[in-house]
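See below for the structure under consideration.
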2 protein chains.
Amino acid sequence: MSSKAFSSVWLRESRKATSPGRSREEIVRAALELLDEEGPSGLSMRKLGAKLQAGATSLYWYVANKDELLELLYDEVWADMTVQDPDEVGWRASATTLAYSMRQAILSHPWAAGLIGRLPALGPNALHVANEMRRMFKRAGFTGLDTDFAIATLTAYVFGMTIPEIAWKTTTGNREYDPEEMRAAVAQAAADYPDMLESVNMAGYEDPQAVRAMAFDFGLLSMLDGLERRLAT
Amino acid sequence: MSSKAFSSVWLRESRKATSPGRSREEIVRAALELLDEEGPSGLSMRKLGAKLQAGATSLYWYVANKDELLELLYDEVWADMTVQDPDEVGWRASATTLAYSMRQAILSHPWAAGLIGRLPALGPNALHVANEMRRMFKRAGFTGLDTDFAIATLTAYVFGMTIPEIAWKTTTGNREYDPEEMRAAVAQAAADYPDMLESVNMAGYEDPQAVRAMAFDFGLLSMLDGLERRLAT
DNA sequence: ACCTGAACACCGTTCAAGT
DNA sequence: ACCTGAACACCGTTCAAGT
């Protein structure tokens with residue numbers, strides 16, 4: 001690989017929106033529609049150009065490349081995350097509602113699953129959330145690097161738990177699919193492991209959503225208990 | 001979307017390896033080389049065909065499509081994860097070394113970052129690890145669904161923490177890159193948030209690896225403490 | 001049974017040329 | 001300053017045809 005400087009959309013000036021026609025905002029809005037309607041494969045520079053009644057290559061005036069566009073889009077997901085003031089409700093309640101809110105934000109923008117953790121999150125919305133988390137954990141009593149570690153731990157858990165949830169939903173979701181067939185398939189794969197088999201057969205394939213939610217709760221509780229424990233030492 | 005049954009390579013018979021020439025194993029081995037050497041973009045059906053001195057389309061005899069090939073490759077990552085017997089070292093030590101081993105496995109196959117959580121993990125290696133985790137947590141005292149939840153929580157944490165680590169390494173790694181320039185860039189983005197700025201300026205851009213490792217420790221400790229707490233109630 | 005090349009329907013991106 | 005179409009260098013996959 002040749003030497004190439006680190007870059008991000010957020011570090012470059014946006015082209016001024018001149019005519020009523022195109023602008024970064026317009027492009028992002030249209031791209032968002034494409035993604036939310038058709039999923040990740042719905043977004044190509046060509047399709048996006050068409051939707052905006054423009055040549056695909058016109059977009060390159062506003063955005064350096066597709067990755068930059070994705071950075072822009074990624075930040076929109078962070079806009080859907082809401083934070084309750086830790087000074088009002090306490091850090092733990094604040095962390096809990098934020099975690100749920102993060103999970104919800106990803107679930108409602110499934111196309112973002114492939115972006116999380118792979119794109120720098122330096123957009124204004126991401127920074128705002130990061131800053132709120134910082135306040136939250138400082139309020140809890142963390143100091144120095146521990147504050148950063150707590151932030152990283154919480155986001156890692158939420159994203160790590162939610163991304164597979166999306167994969168599950170998109171393979172099974174919006175499609176004629178028989179939960180029984182699914183169960184049987186997994187059971188077949190796990191045939192050699194009696195303990196796993198047992199679990200597969202009872203793990204609620206009829207209501208996977210409910211089980212997922214329970215799992216999220218369980219892990220979140222553990223996570224927060226563990227962080228609280230750090231404060232005690 | 002039309003109705004399409006759930007499918008996975010692991011649920012279909014493999015074509016028999018006949019001649020010394022090609023087989024699923026040969027293909028996977030060659031693909032693995034491509035990925036480890038050139039990264040995710042190094043793998044295309046055409047390049048893989050060329051490497052095997054075959055037409056790109058020959059591969060479709062052994063593998064239904066690229067996604068199936070990726071499933072096969074993904075399972076190889078799980079092969080690198082090692083588990084210590086919880087009956088010998090205790091569940092917590094076993095969980096700790098497994099967590100490190102999982103992190104290490106992903107770090108040494110960075111191309112897998114994009115696959116984790118998005119592909120079903122039904123391969124023999126993945127199942128073996130999953131089963132070991134089950135033993136581990138049962139030994140710890142978990143029962144019923146809680147065992148599954150503990151497994152999900154631990155893997156979510158490890159993957160959620162490690163994937164961004166890879167992203168960081170591949171944007172900055174193997175490339176002329178100035179940590180100071182990087183720091184300055186992030187600082188610029190965070191300009192509006194004094195607390196974040198402060199943290200950015202001390203967060204060890206000279207030795208990001210060390211800081212990452214500390215963060216992983218911190219979170220893992222929290223996670224396991226939290227799980228232990230579940231057992232007490 | 002196994003392999004092939006041609007062909008189809010796409011991609012992201014560059015760039016000279018237009019207004 | 002902004003937009004264009006043509007062109008380049010790729011993709012995954014299907015399929016009729018070959019051995």
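Below, read A as the first sequence line, B as the second, and so on, with proteins coming before strands; counting in each chain starts at 1.
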- Message: So does A:A54 get a backbone contact from the side chain of A:S58, meaning a donor-acceptor N/O pair under 3.5 Å?
- Response: no
- Against the side chain of A:W61, the closest entry in C:dT4, C:dC2, D:dC2 is D:dC2
- Look at A:R22 and D:dT4 and indicate whether a side-chain polar atom (N or O) is within less than 4.0 Å of OP1 or OP2. yes
- Task: Just need the stems in DNA chain C: three or more back-to-back Watson-Crick or G-U pairs, each with both distances under 3.5 angstrom, sorted by first number.
- Result: C:4-8 with D:12-16, C:12-16 with D:4-8
- Message: Under a 3.5 Å distance rule, please check whether B:K47 uses its side chain to pair with a backbone N or O of B:S41 as donor and acceptor.
- Response: yes
- Query: In this structure, are over 12 heavy atoms from other groups packed under 6.0 Å from A:E37 atom CD?
  - Reply: yes
- Measure the acute angle between the ring planes of A:F218 and B:F149, then classify it against the limits of 30° and 60° as parallel, tilted or perpendicular. tilted
- Side-chain donor/acceptor of A:N65 to backbone N/O of A:E68, under 3.5 Å: yes
- Quick tally for nucleotides 11-17 of chain D: nucleotides whose base has a protein heavy atom under 4.0 Å get B, sugar-phosphate-only ones S, the rest -, giving BBBB---
- Message: Between B:T147 and B:F137 (side chain of the first, backbone of the second, donor and acceptor by atom type, cut-off under 3.5 Å), is there such a pair?
- Response: no
- How far, in whole Å, is D:dA9 from C:dC10 if one measures between their C1' atoms? 13 Å
- Message: Determine whether a donor-acceptor pair (N or O, by modelled atom type, separation under 3.5 Å) exists between the side chain of B:T155 and the backbone of B:I151.
- Response: yes
- Note on the structure: Atom CG of B:L52 and atom P of C:dC2 are separated, to the nearest Å, by 16 Å
- Close side-chain approach of B:E132 to B:L98, heavy-atom, < 4.5 Å: no
- Interatomic distance where CG belongs to A:L48 and P belongs to D:dC3 [whole Å]: 13 Å
